[in-house]
Amino acid sequence: MSARRPLMAGNWKMYKTPAQTAEFFEKFLPLVAESSHADVLICPPFLNLTAAAGAAAGSKVAVGAQNCHWETKEGAFTGEVSAPMLKAAGCAAVIIGHSERRQFFGETDATVLKRTQAALASGLLPVVCVGERLEERESGRTGDVLRAQFTDGIAPLEAAGFAKIVIAYEPVWAIGTGKVATPEMAAEAHRSLRALVEARYGKEAAAAVRILYGGSVKPDNVKGLMAQVEIDGTLVGGASLDPVGFASIVNF
Ligand code: PGA
């Protein structure tokens with residue numbers, strides 16, 4: 001057993017209204033009320049954050065956003081939301097650099113870094129996503145891709161900042177496809193990420209950083225993934241929308 005406390009996170013993507021958010025929490029909270037083995041985080045769309053934070057108040061479930069802007073105060077950035085706003089709305093965390101943001105919204109390692117720094121400055125826990133695409137894996141470039149994403153998007157952080165982030169390894173070919181990485185495949189990627197962390201920040205930081213796996217995590221495959229000592233939790237998309245299903249993932 002590693003000393004790292006598991007983090008079971010749900011990424012709702014662009015799903016659910018505020019009313020559906022309230023319904024979810026009503027069903028979900030009693031199912032995880034006794035779950036003290038892990039941190040639990042739900043990341044709904046911006047519009048639902050207030051409803052989620054209100055519903056989760058007084059429970060052990062934390063609420064996070066799916067993105068934040070890098071400007072740390074306020075400003076003329078139409079359509080964006082800042083980290084201090086998220087904090088004020090009751091967020092504890094924020095997902096940064098999800099592959100869908102990289103694929104559809106021009107997110108780069110450089111903007112991932114800036115957003116992460118803004119999140120840290122506001123006291124939010126950044127969950128920074130990395131992962132290779134199918135053609136990159138098939139051409140044997142997984143290690144290179146992870147190294148580049150780490151080097152440009154994460155490694156410029158100072159050690160004190162790095163100590164406050166979580167990394168999520170999400171192979172793009174496994175997201176929303178039902179094709180989960182085998183526990184061994186995921187563990188191998190986690191080991192290479194941890195080696196990069198050790199080379200940059202040292203042994204202690206490498207032993208302490210939590211690395212989540214994401215990509216088609218379901219109630220029936222979570223146990224095998226979590227049995228890997230390298231896997232410190234999961235970032236769950238589709239299967240986090242159902243309160244019963246996500247509770248059974250949390251309670252793996
Ligand atoms: P999925 O998504 O669980 O639906 O594959 C994971 C993610 O995108 O974080």
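For ligands, and for the atoms within them, numbers begin at 1 and follow the listed sequence.
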Discussion item. Using a 4.0 Å cut-off on heavy atoms, what residues surround ligand 1? Order them by chain and number.
Written reply: Asn11, Lys13, His98, Glu170, Ala174, Ile175, Gly176, Gly215, Ser216, Leu235, Val236, Gly237, Gly238
Discussion item. Under the rule for ring pair (Phe, Tyr, Trp, His ring centres under 6.0 Å), what residues qualify as partners of Phe24, not counting sequence neighbours?
Written reply: Trp12, Phe28
Worksheet entry | Sidechain N-carboxylate O distance under 4.0 Å for Asp144, Arg141 | no
Discussion item. Is a donor from one side chain sitting under 3.5 angstrom from an acceptor on the other, for Trp173 and Glu132?
Written reply: yes
Worksheet entry | Salt-bridge present (Glu188, Arg191; N to O < 4.0 Å) | no
Indicate every side-chain donor-acceptor pair of residues 215-224 with a distance under 3.5 Å to a residue at least two apart or in another chain.
residue	atom	partner	partner atom	Å
Ser216	OG	Ala174	O	2.7
Ser216	OG	Gly178	N	2.8
Asn221	OD1	Lys218	N	2.8
Asn221	ND2	Ser216	O	2.9

Can you list, pair by pair, the side-chain donor-acceptor contacts under 3.5 Å of residues 72-92, counting residues two or more places apart and other chains?
residue	atom	partner	partner atom	Å
Ser82	OG	Lys73	O	3.4
Ser82	OG	Met85	N	3.3
Lys87	NZ	Gly123	O	3.4

